[in-house]
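First comes the structure, then the notes that go with it.
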Amino acid sequence: MMYGYGYGYDHAWMFGGLIMILFWFLVIAVIAAAIKYLFAGKHGQHGRSARDILDDAYARGELSRDEYFQKRDDLQKK
């Protein structure tokens, strides 16, 4: 009789393999998030002034001329 010695050992290896895959996925995800955070400063919303965002909205036609000048004046008061 074998008393199930091989059965538990095989499942342990499968579970360990799954843990290893999840570990490396987590490591790669953290590295990718760090790279995205570090390089998004110049190209993303980070570091852009409110005036830059306002100018872009006006250029895209999201604001009328009067809205743009009112919001620009409000920003200059601060």
Side-chain angles (χ1 to χ4, degrees):
M1 293 178 141
M2 291 192 48
Y3 298 111
Y5 291 117
Y7 181 75
Y9 189 71
D10 290 341
H11 278 37
W13 276 104
M14 280 188 354
F15 184 69
L18 180 63
I19 295 295
M20 185 171 53
I21 290 170
L22 291 174
F23 170 77
W24 285 111
F25 177 77
L26 182 64
V27 168
I28 291 169
V30 167
I31 291 171
I35 290 171
K36 183 177 178 183
Y37 176 76
L38 290 173
F39 290 105
K42 304 239 187 231
H43 303 291
Q45 293 289 336
H46 305 293
R48 294 182 63 204
S49 69
R51 176 67 188 266
D52 291 338
I53 295 170
L54 181 66
D55 290 343
D56 289 345
Y58 181 61
R60 287 190 302 265
E62 297 173 359
L63 300 172
S64 69
R65 179 172 156 70
D66 293 333
E67 289 175 316
Y68 171 76
F69 286 119
Q70 180 181 356
K71 291 179 188 296
R72 187 195 64 185
D73 293 342
D74 289 345
L75 286 174
Q76 288 175 348
K77 291 178 186 176
K78 292 181 180 181

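Treat the numbers as computed from the prediction; the structure is a model and nothing was measured.
- As a member of the Ile/Leu/Val/Met/Phe/Trp/Tyr network built from side-chain separations under 4.5 Å, V30 groups with L26.
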Step-by-step side-chain contact (heavy atoms from CB on, under 4.5 Å) determination, D73 to Q76: CA-CA 5 Å; D73 293 342; Q76 288 175 348; 3.9 Å; yes
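- Among residues two or more places apart in sequence or in another chain, the side-chain contact (heavy atoms from CB on, under 4.5 Å) test is passed with E67 by L63, S64.
- Taking NZ from K71 and OH from Y58, the interatomic distance works out to 13.5 Å, rounded to the nearest 0.5 Å.
- Residues passing the side-chain contact (heavy atoms from CB on, under 4.5 Å) test with L22 are L18, sequence neighbours excluded.
- In terms of hydrophobic clustering, with Ile, Leu, Val, Met, Phe, Trp and Tyr side chains grouped at heavy-atom distances under 4.5 Å, M20 and F25 are assigned to different clusters.
- Few gaps surround CZ on R60; more than 12 heavy atoms of other groups in view lie less than 6.0 Å from it.
- Residues meeting the ring-ring contact (aromatic ring centres under 6.0 Å, His included) test with F69, sequence neighbours left out: none.
- Residues that satisfy the side-chain contact (heavy atoms from CB on, under 4.5 Å) test with I35, not counting sequence neighbours, are I31, F39.
- Taking R51 as the reference, D55, Y68 meet the side-chain hydrogen bond (donor to acceptor under 3.5 Å, both in side chains) condition, with sequence neighbours excluded.
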